[in-house]
Every structure is written in C-alpha cells, then in structure tokens.
Number of protein chains: 2
Amino acid sequence: MNKMTTRARPLRADAVRNREKILAAAATVFARRGLDATLDEVALEAGVGVGTVYRRFPDKDTLIGALFENAVDEIATIALSAYEAENSWDGLVWFLSEALQRQCVNRGLREIVIGAPYARERMESVKCRIAPAITQLIERAQRDGFLRDDVVSADFAILEMMISSLGCMTEEFSPDLWRRYLTIVLDGLVVKREHPTSLEQPLDESVAEEALRLKSRHVLRVH
Amino acid sequence: MNKMTTRARPLRADAVRNREKILAAAATVFARRGLDATLDEVALEAGVGVGTVYRRFPDKDTLIGALFENAVDEIATIALSAYEAENSWDGLVWFLSEALQRQCVNRGLREIVIGAPYARERMESVKCRIAPAITQLIERAQRDGFLRDDVVSADFAILEMMISSLGCMTEEFSPDLWRRYLTIVLDGLVVKREHPTSLEQPLDESVAEEALRLKSRHVLRVH
DNA sequence: TTTCAAGTGGAGTTACCAACTCCGTTTACC
DNA sequence: GGTAAACGGAGTTGGTAACTCCACTTGAAA
C-alpha cells in the first residue's frame, strides 16, 4: 500500500517543486512571525500564488500540522534522552536548554507547544509523550536532592512558557538573551547554593535599551 | 484660573453622572480585558451609548490616559517608599510584590507599564520616575550583599514583564499563582541560600490542569 | 411653562485584515 | 499537439474595531 493507492497520478514535476518551495517558505515565515502569519505571506516568500498554496494544502491547519509534527516529536525525543544523562540535574538543565532553544528560534513552534489554536488534534498525541517524560526527569532530580521538592511538572510548563515568550520577543536583537533568565530561574529551582551561577549571556547597555523598547510591541492576546 | 476658564458652561448634571459611569466602566473593562477592549464594550458596561463615550472622551487614548495616570504614578510612589525599608532585600521584595500585584489584577495597567501603544507620551513622564527609583533599590540590595551582583535594572523590567504576563493569564482561576513564580525567581536572585523559600501559593491538581489548558488561549501579538 | 442648547443612543460608516475561492491563462507530459 | 493538471492573483466573504451622524430626549435658564 503506497502513495499511488490514494492518488491516481503522481504530482507533476513543477507541482512537486512548488510543494517543496511552499514548505520551506512556510517554515521560514512561521518561525519568524508565528502562526498568525497569513498564507499570502507564505506564498510571497515561496514565490508562488496563494492559489497554489491552497491547491497543495487545503487549509492553514493542514500546512501547520505537516510542518510542526516533526519538530514537536523532536522535543519529546529530547525529553527521553535527557533521562539517559548520568547526572539528573544536568539532564534536566540540558532538556530545558534544548527545548527552549528550539522554541525561542521558532515562534511557530513555541505557539504549537503552548497549545495555540492550530492543528490541535494532530499535535495532541505527540505532546502526550512529552508530559510523562518531563515528570520523570523532575522526580529523579528531586530524589537526587538537586531540585527543590515543592515544584511539579506543571510548574515547568509554566516556567518554560514564561522564558520562551521572552525568548521570542528578544530573538531578533539578542537571540540568546533568554539563557540569562533560564540561569536565574534554575538558580531558584536548585535546593541550595553557595554562589550565583554565572550568567553567560550578557545584557549590555544597547541590548537593555532595545529590550525595554521592543517589549512594548508585544501584547498578550486572548482568543 | 479654574475649570470655568476653559469651559463656558459646566457639564449638565446627567452628563456628569454619565462621565463617572463611563470612567468606572472603563476601569472595569480595561482591567479585565486589557487595552484591546473596545469602547463599545465600555459603553455597554456603563449602560450608555457609544456616542456618549465619544462625546466625553474624543478618542480611546484620552480615556486610557485619564484612567491610568494615577495607577502608574502609584507604582512610582511604591518604588520610592521601598527605599525607606530598613532591610534593603525586604524593600526590593516588597516593591516587586506590590507592583506585580497591581499589574496582575489589571491587564490594562500591565500593558501600559510594559509600554503598549496607547497614551504613550502621556505616560512617558510618569514612567521616567520609576526607572531610577528601581535602580537605587537594586544597587542598595547589591551593596548589602543580598542581591546577586550580575543583574541590572533592565533585568528587573524583563523579569517583571515575564511574571506579570503569567499573572494576567492565570488571574481568573488562581489570582495569586504568580507569587509562586516570583518566589522561585527571587530564590534565583539572592546571592546564596541554604533552603528554598517556601512557596506560599499552592499549585493543586485542578489549577495545574487549568493553567495548561488556558495558557493556550493566550498568544503573543506583535504590533 | 416654555425653549433650546446640550446631551443621548445606537445604527451606520469607514477602514482594515485574513482565510479562502474562482477562473482565465500557462505548462508538463503522453 | 492535445489536454488535464497546475498556476497566479484579483476578488469574495466574513469579521472586527474606531469613530460619526442625526433624530430624538432632557436639564435648566428665562
């Protein structure tokens, strides 16, 4: 049972090329502008007409689903691999860094992860693999005496959302600034410590200025 | 030179009453729904027609300006009072709690503070008083050896934005949940500690569930 | 009590935006 | 060279929000 079963004839060569161009363009556009970007923008970026986009993907949901299933799955895989680390705290930190890295670089992915109203059902199953993996990471780090005992997995979902929202805001002028706040939060999550963990990512004058100016352009919208 | 100078006749009695109703309604609506709420909503809440709202306040900006100038000024006052505290760490924590409390309960205020595109110029002068006051709070807490040395005032603006955005999201079902994350962040900001500070605000099963569901309705929008 | 400027309500106007369709034209491939 | 598939992009549909207009109502001055 192959693709031929569902499609009498294969796509024409130019159609295949355009399909690739559309997917690539959509990846770029949704990463940069989030899931609110229009398919007109995707078409423009791909160098094709909107009609062509809608011929290949019946609606926005389908395109978004096709685009992000892998990326979400990758995060699940990272959560599972993190459990392999011999040090449970390092594993937890590694997972957070890797997951946040991907979300901060890609606004569309971030919105899918926090549950934006696109391709919901399609993502549901993939996301179901993530939650238990994180719970295990957390509980092991608590048993080992690294992570404070009074936090649960929902706390991590919330902290991740907070940090990734910041990451997406500051991505254009200081793409790693979010790491600074991840470090501070981690210093708040550890059971005890003698010194602050050094903040690798600096916040120099010009970046600070831009951060204060640019955050004003970002507003929370409720659907 | 009194009000009569600028207005030939005083407002009619019913007009004065309506003006008050409009201001009260606007306070309610903008607090609950943020500055994106329409003046139609304000009129509905006030029990008057939209025309009446526009007769009193020529545009949305003017109404928002009239409404939030005091609230922002109050935050500046809190920052100044916090410097009076004998313990510099307690003063800093008190300022953050009080400022965040007001912003989490009032989405409109939060958006004004982070610089939403309404009544910008009018707020500029008031907000200018806040930044230096915070800088002083921070530097004193650092001199006293409480606050880690590697953070600056822009960090606090960013952390405040992160926490208040969460507060506004969860306000309807767990109005103090944000305090949980403020505590964690503060535990990350202190120079050193032996134990985690206890999280006063619990995150029970049902709240956790709702937090994960509801956050999906909130999306970051760039203007 | 009359008079009328001030005030009112809310349907309507204007302007915008995004998802998606339609159809005359072009193109790959048999 | 014939033709079904593919294409482009103007146009349609449906929605939203800021703000206006005007026939009607009302407070208060004379």
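Numbered from 1 within each chain, the chains take letters A, B, ... in sequence-line order.
The existence of a salt bridge linking A:D73 and A:R129 is confirmed by a sub-4.0 Å separation between a basic side-chain nitrogen and an acidic carboxylate oxygen. A salt bridge links A:E111 with A:R107: the distance from a Lys NZ or Arg NE/NH1/NH2 to an Asp or Glu carboxylate oxygen falls below 4.0 Å. Between A:R102 and A:E98 there is a salt bridge, since a side-chain N of the basic residue sits under 4.0 Å from a carboxylate O of the acidic one.
Screening A:E171, A:E172, A:E41, A:E45 for a salt bridge (charged side-chain N to carboxylate O under 4.0 Å, His left out) with A:R32, the sole residue that qualifies is A:E45. Of the listed residues (A:D61, A:L63, A:D59), just one forms a side-chain contact (heavy atoms from CB on, under 4.5 Å) with A:Y118, and that residue is A:D61. Just one of A:T62, A:L109, A:I112, A:L23 meets the side-chain contact (heavy atoms from CB on, under 4.5 Å) condition when paired with A:L67; it is A:L23.
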Enumerate all atom pairs, one protein N or O and one N or O from nucleotides 22-28 of chain D, separated by less than 3.5 Å.
from: D:dT26; atom 1: O2; to: B:R12; atom 2: NH1; distance (Å): 3.2
from: D:dG27; atom 1: O4'; to: B:R12; atom 2: NE; distance (Å): 3.3
from: D:dA28; atom 1: OP1; to: B:A13; atom 2: N; distance (Å): 3.3

Would you tabulate the pairs of protein nitrogen or oxygen atoms and nucleotide nitrogen or oxygen atoms of nucleotides 13-18 of chain D closer than 3.5 angstrom?
from: D:dA18; atom 1: OP1; to: B:K60; atom 2: NZ; distance (Å): 2.5

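When atom types are taken as modelled, the side chain of A:S81 and the backbone of A:T77 share a donor-acceptor pair closer than 3.5 angstrom. At least one donor-acceptor pair under 3.5 Å links the side chain of B:K60 to the backbone N or O of B:A37. Between the side chain of B:R180 and the main chain of B:Q201, a donor-acceptor pair closer than 3.5 Å is present.
For the pair B:I22 CD1 and C:dG9 P, the computed distance is 8 Å after rounding to whole Å. Spacing between atom CZ of A:R56 and atom C1' of C:dC20 amounts to 16 Å, rounded to whole angstrom units. Rounding to whole angstrom units, CZ of residue B:R19 and P of C:dG7 are separated by 12 Å. Going from atom CZ of B:F57 over to atom C1' of D:dT20 covers 18 Å, rounded to whole Å. Here the C1' atom of nucleotide C:dC20 and the CG atom of A:D61 are 13 Å apart, to the nearest Å.
Comparing D:dA6, C:dG10, C:dG9 against the side chain of B:V50 picks out C:dG10 as the nearest.
Residue B:N18 places no side-chain N or O under 4.0 Å from the OP1 or OP2 atom of C:dG7. In this structure, B:T52 does not reach the C:dG7 phosphate: none of its side-chain N or O atoms is under 4.0 Å from OP1 or OP2.
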